[in-house]
Amino acid sequence: MSDHTPFRPFETHLDQEAALGLLRDAVAGADDGELFLERRRSEVLTWDDGRVKTASYDASEGFGLRAVRGETAGYAHSTDVSEQSLKRAVATARLAVGDGGGTMADAPPATNQKLYSDHDPMADAEFPVKIETLAEIDAFARGLDKRVVQVSATLAASLQEVVILRPEGHAVTDTRPMTRLNVSVIVEENGRRESGMSGGGGRYALTGLIQPDHWQDAAREALRIALVNLEAVAAPAGVMDVALGAGWPGILLHEAIGHGLEGDFNRKKSSAFAGLMGQRIASKGVTVLDDGTLPDRRGSISVDDEGTPSNATTLIEDGILVGYMQDRQNARLMGVKPTGNGRRQSYAHTPMPRMTNTYMLSGDAKPDEIVGDVKDGIYAIGFGGGQVDITNGKFVFSCTEAYLVENGKIGAPVKGATLIGDGATALKQIRAVGNDMALDPGIGNCGKNGQWVPVGVGQPTLLIGGLTVGGSAA
């Protein structure tokens, strides 16, 4: 199911000149503002326990009108994209402007940057083909090992189309595809059940994800993780050295450090990193970027949701704090330039500083030598959920795949391990940075203030000294 007609709201819903006039009325005397128009369509198909569990198709469209004055933003949104609704929105947005007196911020620079196709991925295969693919995944995964007792597979695709009208009269457009395939496997042996999951995606066609060579690899990996967990022993507890694998373990970097480097938290001085610009906050050799310009990646955006071109922003350089991620409002208030990190979940939400693809660059250490330096600790290569307190950087993360390491040798897998610490301390306790930086397979979602956006993470193999490991061993 898909509507192939491009989203052109100024041809089908609004007169562009009339809309521009109303936008200018809303931001008269303000510091900034925009009209954000969006159409989003998405499809999710889930096969679970031998049958179709979910087959959903959603479509929505609407607009959000914002007027910014100082630290205050007036925002109004509606699913009715019409001149009448826009006029009502003007009155609401202007409540933040008051008597005015603001100076309109400079317009975002123009760009021809295009990091992904505007192709509709939902049109890549007919509905029966997608269902047949999910059934084939189920049958294939069950045939891999007699211990497989349940298989779940999800195929998702969406297309977000946005038009951002600026008070200067320029309209910025972006068409953002997204696809994802997940495979989950549950195995059972001697009354014990364990699970494993694999998958990923990005801003590209669905075609590659439904090719047998791709989903067969995903099913094998999900089974491998499940079988590892089947052999896992109770995790030890205590303060110990931890080696982190490359790629997805960068989620710890994202949560424990990344959020603390977003502009709004630092402007309000609620971040553990506030006021530390130019100071050493990490070990030498640690360089961290937020880069929304990587082609086809899940967290990439050609332009952000304020119309600013996406950028590669260096946050930490050789251990020194050199930058924050900024939207337009916080950048103006802090006297710096926007970095293209103004993101919102949808037209019904205001933009704020958010991460895109956040990762640590490679160092020069060999991964096997990093693990070999661990005398008594764990090697963690898979993570699940976690919790972080932005104000102090304290985090708790659960490991989905981890191993004991004794005298540099990888031993038994462990179950129930959690990593406990704080981002500021962990950064300074990085003892080695591997030469194998990798990005995650395209599975990240980031929550902030009730809004969710897709993101990417990445890192090389790392050695962090003195992390607290919470375990279940007696």
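In this chain, residues are counted from 1 in sequence order. All values derive from a computational prediction rather than experimental measurement.
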Between H214 and Q211, is there a side-chain donor-acceptor contact under 3.5 Å, judged purely by atom types and distance?
no
Between R220 and D145, does any side-chain N to carboxylate O distance fall below 4.0 Å?
no
Does either side chain, that of N341 or that of D290, offer a donor lying less than 3.5 Å from an acceptor on the other one?
yes
Inter-residue atom distance D80.CG - E61.CD, 0.5 Å rounding:
9.5 Å
So does M352 have more than 12 non-hydrogen atoms from other groups sitting under 6.0 Å from CE?
yes
Do P177 and D118 come within less than 4.5 Å of each other through their side chains, counting heavy atoms only?
no
For Q113 and S302, indicate whether the former's side chain and the latter's backbone hold a donor-acceptor pair under 3.5 Å.
yes
Between T293 and N311, is there a side-chain donor-acceptor contact under 3.5 Å, judged purely by atom types and distance?
no
For D436 versus P367, what's the shortest heavy-atom pair and its separation?
OD2-CG, 3.2 Å
Side chain E221, main chain S198, donor-acceptor under 3.5 Å:
no
Kindly say whether G342 contributes a backbone atom to a donor-acceptor pair with the side chain of D304 at under 3.5 angstrom?
yes
Would a 4.5 Å heavy-atom cut-off, applied to side chains only, mark V388 and F397 as touching?
yes
Would you sort out whether S362 and N435 count as a side chain to side chain donor-acceptor pair (under 3.5 Å), showing the intermediate values?
CA-CA 5 Å; S362 285; N435 60 8; over 6 Å; no
Roughly how far, to the nearest 0.5 Å, is the CZ atom of R203 from the CD1 atom of I301?
8.0 Å
Nearest 0.5 Å, what's the CD1-CG distance between I281 and L261?
5.5 Å
Check ion pair E71-R267 (N to O, under 4.0 angstrom)
yes
Gap between atom CG of L37 and atom CG of L35 - 0.5 Å precision
4.0 Å
Quick test of your reading of the model: are R224 and D217 salt-bridged, counting only N-O distances below 4.0 Å?
no
Salt bridge or not between D264 and K268? Use side-chain N to carboxylate O under 4.0 Å.
no
Answer yes or no: does atom CG of N445 have more than 12 heavy-atom neighbours from other residues, nucleotides or ligands under 6.0 Å?
yes
To the nearest 0.5 Å, how far apart are OG in S60 and CZ in R39?
10.5 Å
Please examine the side chains of Q16 and L165, heavy atoms only from C-beta on, and report whether any two atoms are closer than 4.5 Å.
yes
What I'd like to find out is whether the side chain of I137 reaches to under 4.5 Å of the side chain of L181, using heavy atoms alone.
yes
Check whether any side-chain heavy atom of Q459 sits under 4.5 Å from a side-chain heavy atom of P249, and report yes or no.
yes
Taking all non-hydrogen atoms of both residues, which atom of Y359 and which atom of D291 are closest, and how far apart?
OH-OD2, 3.2 Å
Is the closest basic N to carboxylate O distance between D120 and R41 below 4.0 Å?
yes
Does K53 have more than 12 heavy atoms from other residues, nucleotides or ligands lying within 6.0 Å of its NZ?
no
Which heavy atom of F273 sits nearest to which heavy atom of G260, and what is that distance?
CD1-O, 3.7 Å
Can you give me the closest heavy-atom contact between A141 and V148, atom names plus distance?
O-CG2, 3.6 Å
Of all the heavy-atom pairs spanning R66 and V27, show the shortest one and how long it is.
O-CG1, 3.9 Å
Flag the pair R332 and D31 as a salt bridge only when some basic side-chain nitrogen lies within less than 4.0 angstrom of an acidic carboxylate oxygen.
yes
Does the side chain of L65 come within less than 4.5 Å of L23's, by heavy atoms?
yes
Tell me, do R180 and I443 make a side-chain contact under 4.5 Å, heavy atoms counted?
yes
In this structure, is the centre-to-centre distance between the rings of H349 and H77 below 6.0 Å?
no
Are any side-chain N or O atoms of D389 and backbone N or O atoms of G393, one a donor and one an acceptor, separated by less than 3.5 Å?
no
Exceeds 12 heavy-atom contacts within 6.0 angstrom, atom CG of D49:
yes
Is there a side-chain contact between L230 and V228, using heavy atoms and a 4.5 Å cut-off?
no
When you measure from the side chain of N357 to the backbone of G299, do you find a donor-acceptor pair of N or O atoms at a distance under 3.5 Å?
yes
K448 NZ: over 12 foreign heavy atoms closer than 6.0 Å:
yes
Among R24, R344, R328, the one residue meeting salt bridge (charged side-chain N to carboxylate O under 4.0 Å, His left out) with E34
R344
Would you find a donor on one side and an acceptor on the other, under 3.5 Å apart, between the side chain of D32 and the backbone of A105?
no
Do the side chain of T418 and the main chain of V396 share a donor and acceptor less than 3.5 angstrom apart?
no
Between S85 and R88: side-chain donor-acceptor atoms closer than 3.5 Å:
yes
Between CG of L14 and CD of Q84, what distance do you get to the nearest 0.5 Å?
12.0 Å
Is a side-chain donor or acceptor of T287 paired with a backbone partner of D318 at a separation under 3.5 angstrom?
yes
Could you tell me whether E126 and K130 make a salt bridge, using a distance below 4.0 angstrom between a side-chain N and a carboxylate O?
no
So, T154 versus T46: side-chain donor-acceptor pair below 3.5 Å or not?
yes
Exam field: side chain Q150 to backbone D48, donor-acceptor pair closer than 3.5 Å:
no
Identify the two heavy atoms, one from V129 and one from A125, that lie closest to each other, and give their separation to 0.1 Å.
CG1-CB, 4.1 Å
